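Data first, discussion second: the structure below is written as structure tokens.
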Amino acid sequence: MAKIGLFYATDTGNTRKVAKLIKKQFDEGEVDLFNVKGASADDLNGCDALIFGTPTLGDGELPEPLTEFLPALESAELSGKTVALFGLGDQVGYPDEFVDALGILYKKLKKREARLVGGWPAEGYEFTKSKALRDGEFVGLVLDQDNQADLTEERLEEWLERVKPELL
């Protein structure tokens, strides 16, 4: 059984809540949860597969704990490692930089030659621009806890059905 590291950055606590919801959808011992604030490259290297979660802050920026975690990400061995992503954003309040942090993180992981899985359809969201869009779909699961919290559980379930076989 593969060991999945679920790494998240959080600002308001929403990303942590979603990370915990994801962990609950796996069997005991399959997923280890890591707040990037206290995580290291060794934590990344010790996992067979990874899930990363991030909110987007301000004008489309990574949260500070994730920015501070980037050196660990850069020094980890990610080549060929399966990675799924999820991001939180506010499509109404920030339609011009909706889930941009997800796109920024995707680009950094792609550069490290990670095997990225878990794209997500852009239908059902109303926004102007997003760095997380590639060929008409998001690079990972996108959740809007501010405007579409009622869709979170359903979206999570569907996304996990897709990515679980890739991660395990």
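What you see is a predicted model; the values in this text were computed from it and never measured.
What you find for Pro63 and Ala9 is that their closest heavy atoms are CG-CB, 3.6 Å. Shortest non-hydrogen contact noted between Arg134 and Gly103 is NH2-O, 3.9 Å. Smallest separation of non-hydrogen atoms from Ala72 and Ala41: O-CB, 3.5 Å. Heavy atoms only, all atoms of each residue included: Phe86 and Leu6 are closest at CE2-CD2, 4.1 Å. Annotation for Gln145 and Ala149: closest pair O-CB, 3.5 Å, computed over non-hydrogen atoms. Counting all heavy atoms, side chain and backbone alike, Phe7 lies closest to Ala39 at CE2-CB, 3.7 Å.
Among Asp48, Asp32, Asp27, the one residue that satisfies the salt bridge (charged side-chain N to carboxylate O under 4.0 Å, His left out) test with Lys3 is Asp32. Looking at Phe127, Trp159, Trp120 one by one, the single match for ring-ring contact (aromatic ring centres under 6.0 Å, His included) with Phe138 turns out to be Phe127. A side-chain contact (heavy atoms from CB on, under 4.5 Å) with Leu102 is found for one member of Leu62, Leu88, Val139 and no other, namely Val139.
Proximity of Leu78 to Leu73: side-chain heavy atoms (C-beta onward) are separated by under 4.5 Å at one or more points. Residues Asn14 and Val18 fail the side-chain proximity criterion, which asks for heavy atoms closer than 4.5 Å. Side chains of Leu143 and Leu151 form no contact here, defined as non-hydrogen atoms less than 4.5 Å apart. Between Val83 and Val117, the closest side-chain pair of non-hydrogen atoms is not below 4.5 Å.
Under the rule for a side chain to side chain donor-acceptor pair (under 3.5 Å), the partners of Asp90 that lie at least two apart in sequence or sit in another chain are Asn147.
When the side chains of ILVMFWY residues are joined at heavy-atom separations under 4.5 Å, either directly or via intervening members, Leu66 and Tyr94 end up in two distinct hydrophobic clusters. No continuous path of ILVMFWY side-chain contacts below 4.5 Å connects Val36 to Leu57, so the two sit in separate hydrophobic clusters. In the hydrophobic clustering of ILVMFWY residues, with side-chain heavy atoms under 4.5 Å counting as a link, Leu70 and Leu85 come out together.
The environment of NZ in Lys108 is sparse: at most 12 heavy-atom neighbours from other residues, nucleotides or ligands sit within 6.0 Å. More than 12 heavy atoms of other shown residues, nucleotides or ligands fall within 6.0 angstrom of atom NZ in Lys81. For CD of Glu137, the number of neighbouring non-hydrogen atoms (other residues, nucleotides, ligands) closer than 6.0 Å is greater than 12. In Glu68, the CD atom is crowded: over 12 heavy atoms of neighbouring residues, nucleotides or ligands sit closer than 6.0 Å. Within a 6.0 Å sphere centred on NZ of Lys164, other residues, nucleotides and ligands contribute more than 12 heavy atoms.
Distance alone, capped at 3.5 Å, places no donor-acceptor pair between the Asn45 side chain and the Ala76 backbone. Put simply, the side chain of Thr56 gets close to the backbone of Asp100: a donor and an acceptor are under 3.5 Å apart. A donor-acceptor pair is defined here as one N or O able to donate and one able to accept, closer than 3.5 Å; no such pair exists between the side chain of Arg112 and the backbone of Ser79. Under the 3.5 Å distance criterion, the side-chain polar atoms of Thr15 are left unmatched by any main-chain donor or acceptor of Tyr8. Side chain of Thr82 to main chain of Leu167: no donor-acceptor pair is present (N/O by atom type, distance under 3.5 Å, no hydrogens or angles). Using a distance-only test at 3.5 Å, with no hydrogens or angles considered, no donor-acceptor pair links the side chain of Tyr106 to the main chain of Ala101.
If you take CD on Glu61 and OG1 on Thr67, they are separated by 8.5 Å, rounding to the nearest 0.5 Å. Taking CG of Asp150 as the reference point, atom CD of Glu154 lies at 9.0 Å (rounded to 0.5 Å). The OG atom of Ser130 sits 10.5 Å away from atom CG of Asp96, with the distance rounded to the nearest 0.5 Å.
Ion pairing between a basic and an acidic side chain is recognised when a charged N comes within 4.0 Å of a carboxylate O; Arg115 and Glu166 show such pairing. Ion pairing between a basic and an acidic side chain is recognised when a charged N comes within 4.0 Å of a carboxylate O; Glu158 and Arg162 show such pairing.
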* Cys47 and Ile4: CA distance, side-chain angles, deciding distance, side chain to side chain contact (heavy atoms under 4.5 Å, CB included) verdict -> CA-CA 6 Å; Cys47 300; Ile4 301 166; over 6 Å; no
* Show your working on side chain to side chain contact (heavy atoms under 4.5 Å, CB included) between Leu156 and Leu141 and close with a plain yes or no. => CA-CA 8 Å; Leu156 258 180; Leu141 174 65; 3.6 Å; yes
* Report the C-alpha distance between Phe52 and Leu50 in whole Å, list the side-chain angles of each, state the deciding distance to 0.1 Å, and finish with yes or no for side chain to side chain contact (heavy atoms under 4.5 Å, CB included). => CA-CA 7 Å; Phe52 276 99; Leu50 304 169; 3.9 Å; yes
* To do: Might you work through the side chain to side chain contact (heavy atoms under 4.5 Å, CB included) test for Val92 and Asp146, ending with a clear yes or no?
  => CA-CA 9 Å; Val92 175; Asp146 298 306; over 6 Å; no
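Between the side chains of Gln91 and Asp144, at least one donor N or O sits under 3.5 Å from an acceptor N or O.
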